[in-house]
There are 2 protein chains.
Amino acid sequence: MAIHKKEEFSQKEQDLAAFAKALSHPARIAILKMLAQRNECICGEIVDVLPLAQSTVSQHLKELKTAGLIDGTIDGPRSCYCINWKAFEKFNSEFSFLFEKLKTTNAKCC
Amino acid sequence: MAIHKKEEFSQKEQDLAAFAKALSHPARIAILKMLAQRNECICGEIVDVLPLAQSTVSQHLKELKTAGLIDGTIDGPRSCYCINWKAFEKFNSEFSFLFEKLKTTNAKCC
DNA sequence: AATATTCATCGTATAAAAACGATTAACCAA
DNA sequence: TTGGTTAATCGTTTTTATACGATGAATATT
């Protein structure tokens, strides 16, 4: 079957899920960590650090870019990437908003 | 090939990725939202709200439970679920920690 | 001009996720 | 005891993700 039903959920739910999905692989977490520490990175630098082939790293970078979490700039034969903090903040606050409000008033389970 | 290499990343990176993965489907976001609003939910209530079959909802609940984000209690023939706020806070702070520190000092890209 | 770097994309193979119906196990009510 | 709920699990199908090598396009270098 596997007819995907993601579209039947609200836009906010879909957006949050998409954001989480972009973070759902350790390689992409590692990439974001590198970018946070160094501010910007050439693709090759990331390839040198991660235990993955160049094509695989490029694929992960593309996913992060598509999700809007990073920006990429072509610099001669190189590609320079950095974190898109604005998008990051947006999702982070939306994420907090969803759960923060009721956290304190809730007791424990059943 | 698809020999998965997740194990070659640090434990923290793997944990964060696993947390994000649990949130990476709108159905699971919707479930968490329900639990946050109602404090606790019977499985059947969730099934009534989501546009998914009972077996599919059970599967999503299991994933959230395995990831440690929710707790489940058997109550007669029913199953009662609620958010595990402690685990949630732990990941939320770890998540913030990773990116918060450098956010302000960073300029923009390349 | 010829060659080397750099990286994105393509094609492909395998693994995992998503969804459902059917079945099963546990409990409750007649 | 029999029958009805409730929800987890099993088996299956389809889609998506992960990973790589190979190729190709663009820029540098000699």
Side-chain angles (χ1 to χ4, degrees), chain A residues 1-9 13-14 17-31 34-35 40-67 70-82 110, chain B residues 1-9 13-14 17-31 34-35 40-67 70-82 110:
Chain A
M1 313 282 163
I3 300 155
H4 280 218
K5 300 199 159 177
K6 292 185 178 173
E7 325 77 41
E8 300 189 23
F9 293 89
E13 285 161 353
Q14 290 185 53
F19 171 65
K21 193 169 169 189
L23 299 173
S24 71
H25 194 286
R28 294 194 287 271
I29 297 282
I31 289 171
M34 276 188 77
L35 293 178
E40 61 181 49
C41 281
I42 296 302
C43 172
E45 297 176 317
I46 300 170
V47 172
D48 288 343
V49 170
L50 299 199
L52 296 171
Q54 178 266 320
S55 57
T56 308
V57 171
S58 250
Q59 215 170 276
H60 283 303
L61 285 167
K62 191 183 179 184
E63 282 178 67
L64 286 169
K65 200 176 173 188
T66 301
I70 64 174
D71 289 318
T73 316
I74 295 171
D75 175 25
R78 278 157 254 261
S79 285
C80 184
Y81 290 97
C82 66
C110 311
Chain B
M1 311 274 169
I3 299 155
H4 280 219
K5 299 201 160 176
K6 292 185 178 174
E7 326 77 40
E8 300 188 25
F9 293 89
E13 285 162 353
Q14 291 185 53
F19 171 65
K21 193 169 169 187
L23 300 173
S24 72
H25 193 286
R28 295 195 287 272
I29 297 281
I31 289 171
M34 275 189 76
L35 293 178
E40 62 182 48
C41 281
I42 297 303
C43 174
E45 297 177 318
I46 300 170
V47 172
D48 288 343
V49 172
L50 298 200
L52 296 171
Q54 178 266 319
S55 58
T56 307
V57 171
S58 249
Q59 212 171 279
H60 283 304
L61 285 166
K62 191 182 179 185
E63 281 178 70
L64 287 169
K65 200 176 172 188
T66 301
I70 64 174
D71 290 319
T73 316
I74 295 171
D75 175 26
R78 277 157 255 261
S79 285
C80 183
Y81 290 97
C82 67
C110 310

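Sequence lines set the chain letters: A, B, ... in the order given, protein chains first and strands last, and positions in each chain run from 1.
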K.L.:
Let me know, please, whether A:Ser79 or B:Arg28 comes out on the 5' side of the other along DNA chain C by nearest nucleotide.
P.N.:
A:Ser79
K.L.:
How long is the gap from CZ on A:Phe19 to CD1 on B:Ile29, to the nearest 0.5 Å?
P.N.:
10.0 Å
K.L.:
Using 0.5 Å steps for rounding, measure from the CG atom of B:Leu61 to the CD1 atom of B:Ile70.
P.N.:
5.0 Å
K.L.:
Looking at A:Arg28 and B:Ala17, would you say the former's side chain and the latter's main chain have a donor-acceptor pair under 3.5 Å?
P.N.:
no
K.L.:
Roughly how many Å is it from CG in B:Leu52 to P in D:dA7, rounded to a whole number?
P.N.:
16 Å
K.L.:
Just how far, in rounded Å, is P of C:dC7 from CD1 of A:Ile46?
P.N.:
9 Å
K.L.:
Using every non-hydrogen atom in the two residues, find where A:Leu50 and A:Ala27 come nearest and quote the distance to one decimal.
P.N.:
CD1-O, 4.0 Å
K.L.:
Would you kindly give the CG-to-C1' distance between B:Asp75 and C:dA25, to the nearest whole Å?
P.N.:
17 Å
K.L.:
Please give me the minimum heavy-atom distance between B:Ile42 and B:Arg78, naming the atom from each residue.
P.N.:
CG2-CG, 3.8 Å
K.L.:
According to a strict under-4.0 Å criterion, is A:Ser55 in side-chain N/O contact with OP1 or OP2 of C:dT9?
P.N.:
no
K.L.:
Calculate the interatomic distance between A:Ile42 atom CD1 and C:dC7 atom P; express it in whole Å.
P.N.:
6 Å
K.L.:
Using a 4.0 Å heavy-atom cut-off, does B:Thr56 contact any base of the nucleic acid, only the sugar-phosphate backbone, or nothing at all?
P.N.:
base
K.L.:
Between the main-chain N or O of A:Pro26 and the side-chain N or O of B:Gln14, is there a donor-acceptor pair closer than 3.5 Å?
P.N.:
no
K.L.:
Report yes if a side-chain nitrogen or oxygen of A:Lys5 is closer than 4.0 Å to either non-bridging phosphate oxygen (OP1 or OP2) of C:dC20; otherwise report no.
P.N.:
yes
K.L.:
Please report, rounded to the nearest Å, how far the C1' atom of C:dA18 is from the CD atom of A:Gln14.
P.N.:
15 Å
K.L.:
Which nucleotide wins on minimum distance to the side chain of A:Ala53, given the candidates D:dA7, D:dG21, C:dA16?
P.N.:
D:dG21
K.L.:
How close do B:Ala22 and B:Leu64 get, heavy atom to heavy atom, and via which atoms?
P.N.:
O-CD2, 3.7 Å
K.L.:
Can you check nucleotides 23-26 of chain D for protein contacts, nitrogen or oxygen pairs under 3.5 Å, and list what you find?
P.N.:
none

K.L.:
Measuring to OP1 and OP2 of C:dA26, would you say a side-chain N or O of B:Arg78 lies under 4.0 angstrom away?
P.N.:
no
K.L.:
In the structure I gave you, are the side-chain heavy atoms of B:Glu63 and B:His60 within less than 4.5 Å of one another anywhere?
P.N.:
yes
K.L.:
Output yes when a side-chain donor or acceptor of A:Ser58 lies under 3.5 Å from a complementary backbone atom of A:Ser55, and no otherwise.
P.N.:
no
K.L.:
Between A:His4 and A:Lys6, is there a donor-acceptor pair closer than 3.5 Å when you use the side chain of the first and the backbone of the second?
P.N.:
no
K.L.:
Here's a test of your reading of the structure: between A:Pro51 and A:Lys21, which maps to the more 5' nucleotide of DNA chain D?
P.N.:
A:Lys21
K.L.:
For DNA chain C, determine which residues of residues 58-65 of chain B have any heavy atom closer than 4.0 angstrom to one of its atoms, and list them numerically.
P.N.:
B:Gln59, B:His60, B:Glu63
K.L.:
How close or far is atom C1' of C:dT6 from atom CG of A:Asp48, stated in whole angstroms?
P.N.:
12 Å
K.L.:
May I ask you to evaluate whether B:His25 reaches the phosphate of C:dA19, defined as a side-chain N or O under 4.0 Å from OP1 or OP2?
P.N.:
yes
K.L.:
Students often get this wrong, so: under 4.0 angstrom with heavy atoms, is B:Ile74 touching a base, only sugar-phosphate, or nothing?
P.N.:
nothing
